[in-house]
Amino acid sequence: MRSKESILHRLSPGLKLLALISLIAAISIDVPFIDGTLKPWIPAFGLALTAGLYALAFSSVGKFFEQLWNLKLLILLVTIPQLLFGTPLPTVLGSTVRLTDAMLLATLFSLTTKTQALLDSIEGALRSKPLRPLVRLGLKPETVSLAFAMTMNAIPMIMKFVGQIKEAQSARGLKPTPVRMTIPLLVASLKYSDEFAEALTARGVEV
Amino acid sequence: MAASNKITLRDLSRIAIFAAIIAALTFPGAIPLGTGVPITLQTLGVMLAGVVLGGFRGALAVALYVVLGLIGLPIFAEHSSGFGVLAGPSAGFLLGFIPGAFVTGLIAHSGSKFSVVRTLIGSLVGGIAVVYAIGIPVMAGNLQVDLATATGYSTPFLPGDLIKVALTVVIAFGLNRAYPKAFKN
Amino acid sequence: MLIELDAVSVAFEGKTALDNVSIKLDQQRIGVIGLNGSGKSTFARLLNGLVQPTSGTVTVGGVNPANDAKAARRQTGFIFSNPDVQIIMPTVIEDVAFSLRGSGLSKDEVQAKALAALQRFNIQHLANQAAHSLSSGQKQLLAICAILVTEPKLIVADEPTALLDLVNSRRIAQALLGELPQQIVLVTHDLELAAGCDVILRFADAKLVQVGEPSAVIAAHLAENLSAS
Amino acid sequence: MLIELDAVSVAFEGKTALDNVSIKLDQQRIGVIGLNGSGKSTFARLLNGLVQPTSGTVTVGGVNPANDAKAARRQTGFIFSNPDVQIIMPTVIEDVAFSLRGSGLSKDEVQAKALAALQRFNIQHLANQAAHSLSSGQKQLLAICAILVTEPKLIVADEPTALLDLVNSRRIAQALLGELPQQIVLVTHDLELAAGCDVILRFADAKLVQVGEPSAVIAAHLAENLSAS
Ligand SMILES: Nc1ncnc2c1ncn2[C@@H]1O[C@H](COP(=O)(O)OP(=O)(O)OP(=O)(O)O)[C@@H](O)[C@H]1O
Ligand SMILES: Nc1ncnc2c1ncn2[C@@H]1O[C@H](COP(=O)(O)OP(=O)(O)OP(=O)(O)O)[C@@H](O)[C@H]1O
Ligand SMILES: O=C(O)CCCC[C@@H]1SC[C@@H]2NC(=O)N[C@@H]21
Ligand SMILES: [Mg+2]
Ligand SMILES: [Mg+2]
């Protein structure tokens with residue numbers, strides 16, 4: 001494993017997202033039909049480009065094929081019904097390749113972007129000029145990142161409550177079922193959440 | 001119960017908690033159907049968010065959940081995550097969760113106190129109708145099949161989702177008796 | 001009842017929580033003390049099968065909780081420190097009555113028995129209140145009532161007073177150590193409370209390091225843990 | 001700082017939580033005791049504006065928290081009993097650094113200050129750990145660090161040791177009463193802990209019933225509440 005991060009890893013998440021959206025848009029245009037003749041090599045070229053990007057990110061195309069393999073069911077699901085309905089093969093190939101390519105590109109983005117970096121750039125984007133109207137509508141950058149942090153904190157707390165409730169119910173000779181567990185879970189979670197809000201207020205946090 | 005749209009820290013905390021609850025509902029697992037969209041417990045969380053928090057706050061909780069999943073937390077069905085799902089067959093369901101919780105809450109909170117009937121109607125309309133109305137067409141689009149086929153792919157969800165509506169009503173009814181403060185914003 | 005642990009070890013994900021514990025206990029009031037993470041809760045949970053030994057055997061009144069969790073849970077009531085997680089039904093009386101489901105009693109008998117349990121601790125006036133709106137002390141009393149109606153032979157309480165104030169702690173302590181005829185295992189950080197037991201087990205670093213008369217065990221605990229500071 | 005309450009009453013939904021309390025305090029270590037529901041937490045929360053008086057005025061160091069909550073929160077740090085609810089950020093150092101957001105300091109300065117706060121309690125080795133994986137005692141120390149970096153003049157702690165074991169309680173008590181230069185208001189059920197204060201306020205039934213020298217107030221508290229049982 002190479003520890004050095006690729007240029008794709010280091011690219012700012014905002015730019016990467018923009019590039020991703022434009023690439024997906026580009027391969028989604030029905031280029032093959034522009035002049036009336038089929039050119040399925042255009043989406044195929046897109047796929048090759050994506051493989052190249054994976055190679056750039058992970059210094060081998062192994063990861064590309066790994067992700068492609070993950071999509072096998074989806075690919076079958078998209079192709080088989082169309083073939084059964086008699087859609088011409090090049091059209092089917094074109095559309096399948098396009099969907100596959102879009103999924104692979106979006107996954108590449110996720111694979112090369114740390115969640116924290118993405119959180120930071122969301123906060124940064126909200127501070128930027130174009131998005132200032134959103135801020136004026138009340139969507140403060142600090143509030144958004146605070147909400148992210150709070151949710152990530154809350155997930156382990158919820159799992160802790162689930163464990164305690166399961167235990168308490170089995171101790172009473174009860175098989176914990178979703179309904180039985182959910183009411184105490186909601187009560188414990190809401191109380192935790194209200195106490196948490198108070199502690200935040202005491203630390204001078206405002207929304 | 002017509003609550004204002006001004007978000008306090010206490011609201012924000014409850015919104016975060018419900019986003020986390022929906023995430024936690026994906027941990028027990030999912031039943032794959034071979035269509036790329038499995039049977040999951042997420043809609044239970046979506047309906048509860050609307051019923052407990054009300055439309056506006058409930059929708060924010062679900063939006064928070066969706067965004068966190070999109071940016072990489074493995075909290076979507078079958079521990080998936082990332083922007084990739086937006087190109088996949090379940091994209092519309094995920095996005096539909098947001099208006100789904102909104103409509104659920106709007107209907108459930110439309111009276112001045114807790115009502116089983118409004119909770120039931122809210123969950124049916126918001127948690128099923130709205131979610132499917134967005135989920136099925138997007139599925140058709142992303143899988144490049146026609147609407148009828150996508151609807152066919154989605155009918156196996158109905159029994160499970162109806163059970164989840166029933167669960168929502170039973171849970172909300174119990175919660176209102178055990179801890180009525182839960183519904184006060 | 002005889003509580004017997006024979007060379008019991010428990011590990012969670014490779015981490016030892018209880019290390020080769022052997023002991024026989026038949027006292028009525030059994031206290032358990034030790035620092036955070038020393039293995040107290042693990043010991044308590046072994047007694048009704050909430051935790052299973054990685055090696056060794058546990059026997060409680062002739063029942064092995066690892067083999068017959070159902071029988072173990074019938075004869076053992078468990079009280080946790082978090083009062084919120086123990087409540088199952090919406091109102092106080094329903095929650096107590098719930099313990100009697102499947103007992104074959106008629107509805108009226110169940111109601112009467114549940115009410116009698118509440119009366120015992122003088123909280124019958126709360127019968128129809130929303131269970132989650134009670135104070136923490138009242139919730140712990142409710143938890144005790146909900147357990148008592150099933151007439152367990154042993155009650156295991158894992159820090160039942162941790163979230164309570166002085167008066168409520170005393171109330172629960174008095175109920176557990178003073179009033180109940182059952183055998184009690186009481187895990188606690190409150191050394192005053194532990195002092196009221198017949199025998200105390202002291203855990204440290206997953207080991208049972210001392211068993212004996214309360215004053216001696218408490219003195220050793222204080223000496224060992226406060227000398228450093 | 002001078003803490004001054006002038007004829008302060010607080011009611012929640014018609015229920016009186018604090019009844020006509022007037023007092024002036026400038027001691028360094030102020031203890032607060034009383035039974036569940038007697039009004040201790042309500043008193044503590046008045047000092048930084050988490051609760052507002054229904055009538056009367058509160059002044060802390062010249063600031064009225066009801067009018068200027070921001071200033072009140074800047075000068076007052078608050079510590080709660082539940083260690084879990086006080087952690088905001090994923091890792092220890094980030095959580096301490098979070099307190100310094102909007103302080104105008106550079107990233108490096110924030111990092112250095114946060115690390116210095118951890119060093120003070122010898123927990124700098126935990127800096128990059130997940131905050132939720134800490135033990136309860138470590139979480140309370142973290143909560144204290146997260147407050148100290150903002151350099152408050154007053155620290156209010158509402159039962160900070162309630163959920164801790166012996167060793168951790170002592171550690172926190174030593175930090176609060178022994179080491180910190182700040183003025184401290186300490187709400188506690190632990191009478192031993194309260195005994196270490198300069199003055200104790202005793203609440204009962206929403207009233208401030210006694211203010212004075214620790215041993216006298218504690219004796220009166222015990223006499224009043226344990227005689228019945
Ligand atoms: N379910 C579990 N999974 C993993 N580790 C566990 C689990 N339960 C306990 N442990 C670990 O086992 C050890 C003993 O825990 P135990 O809960 O028995 O301690 P304790 O004496 O009850 O402590 P406390 O005073 O904090 O309640 C600890 O290190 C704890 O982290
Ligand atoms: N937010 C609130 N809403 C309604 N009632 C409240 C609220 N906070 C406190 N009370 C009530 O006010 C009274 C005083 O409560 P307070 O929390 O000050 O007591 P306390 O002395 O801190 O008790 P404890 O030892 O249980 O912490 C209690 O009867 C309590 O039920
Ligand atoms: O990828 C995801 O996380 C979204 C899965 C969506 C599942 C949908 S929601 C409505 C319908 N009911 C189910 O049980 N599953 C689908
Ligand atoms: Mg324990
Ligand atoms: Mg209090």
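None of the values given here were measured: they were computed from a predicted structure. Within every chain, numbering begins at 1; the chains are lettered A, B, ... in the order of the sequence lines, protein sequences first and strands thereafter.
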* **Pi-cation contact, A:Phe109 with A:Lys16 (under 6.0 Å, within 45°)** =>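 Yes.
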Side-chain contact, heavy-atom cut-off 4.5 Å: [X] with [Y]?
{"X": "B:Tyr153", "Y": "B:Leu33", "result": "no"}
{"X": "B:Ile98", "Y": "B:Phe102", "result": "no"}
{"X": "A:Leu111", "Y": "A:Gln67", "result": "yes"}
{"X": "B:Phe27", "Y": "B:Leu41", "result": "no"}
{"X": "B:Leu95", "Y": "B:Val138", "result": "no"}
{"X": "B:Phe157", "Y": "B:Ile39", "result": "yes"}
{"X": "A:Asp101", "Y": "A:Leu23", "result": "no"}

Of the listed residues ([options]), which shares the most heavy-atom pairs with chain A below a 4.5 Å separation?
{"options": "B:Leu64, B:Val52, B:Leu73, B:Ile75", "value": "B:Leu64"}
{"options": "B:Val170, B:Thr8, B:Ile21", "value": "B:Ile21"}
{"options": "B:Val145, B:Leu167, B:Ile15, B:Asn142", "value": "B:Asn142"}

* Structure fact -> If one checks every heavy atom of A:Val144 against chain B at 4.5 Å, the contacting part turns out to be neither
* Non-hydrogen atoms of chain B under 4.5 Å away: do they reach the side chain of A:Leu17, the backbone, both or neither? ->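 Interface part for A:Leu17: side chain.
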* For the ring pair B:Phe76 and B:Tyr65, is the centre-to-centre distance below 6.0 Å? ->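 Between B:Tyr65 and B:Phe76, which both carry aromatic rings, the centre distance is below 6.0 Å.
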Quick one: side chains of residues 114-137 of chain B, donor-acceptor pairs under 3.5 Å with protein atoms, not counting sequence neighbours, listed by atom name and distance.
{"residue": "B:Ser115", "atom": "OG", "partner": "B:Val117", "partner atom": "N", "Å": "3.3"}
{"residue": "B:Ser115", "atom": "OG", "partner": "B:Arg118", "partner atom": "N", "Å": "2.9"}
{"residue": "B:Arg118", "atom": "NH2", "partner": "B:Lys113", "partner atom": "O", "Å": "3.4"}
{"residue": "B:Thr119", "atom": "OG1", "partner": "B:Ser115", "partner atom": "O", "Å": "2.7"}
{"residue": "B:Ser123", "atom": "OG", "partner": "B:Thr119", "partner atom": "O", "Å": "2.6"}
{"residue": "B:Tyr132", "atom": "OH", "partner": "B:Asp161", "partner atom": "OD2", "Å": "2.4"}

Show which side-chain atoms of residues 80-93 of chain B pair as donor or acceptor with protein atoms under 3.5 Å away, not counting sequence neighbours.
{"residue": "B:Ser80", "atom": "OG", "partner": "B:Ala77", "partner atom": "O", "Å": "2.8"}
{"residue": "B:Ser81", "atom": "OG", "partner": "B:Gly72", "partner atom": "O", "Å": "3.3"}

* **Neighbourhood of chain B inside residues 185-198 of chain A, taking heavy atoms under 4.5 Å as contact** => A:Leu186, A:Val187, A:Ser189, A:Leu190, A:Lys191, A:Tyr192, A:Ser193, A:Asp194, A:Phe196, A:Ala197
* To do: Please list, in residue-number order, every residue in residues 156-173 of chain A that has a heavy atom less than 4.5 Å from any heavy atom of chain B; write 'none' if there are none.
  => A:Ile158, A:Met159
* Region of B:Ala23 in contact with chain A, defined by heavy-atom distances below 4.5 Å ->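 When you check distances to chain A, only side chain atoms of B:Ala23 fall under 4.5 Å.
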* To do: Measure B:Leu48 against the heavy atoms of chain A and call it side chain, backbone, both or neither at under 4.5 Å.
  => side chain
* Asked: Is the backbone N or O of B:Arg14 less than 3.5 Å from a side-chain atom of B:Arg57, with the two atoms forming a donor-acceptor pair by type?
  -> no
* Side-chain donor/acceptor of B:Ser110 to backbone N/O of B:Ile107, under 3.5 Å -> yes
* Among A:Arg180, A:Met152, A:Met103, A:Glu206, who wins on heavy-atom pairs under 4.5 Å with chain B? ->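 Among the listed options, the one with the most contacts to chain B is A:Met103.
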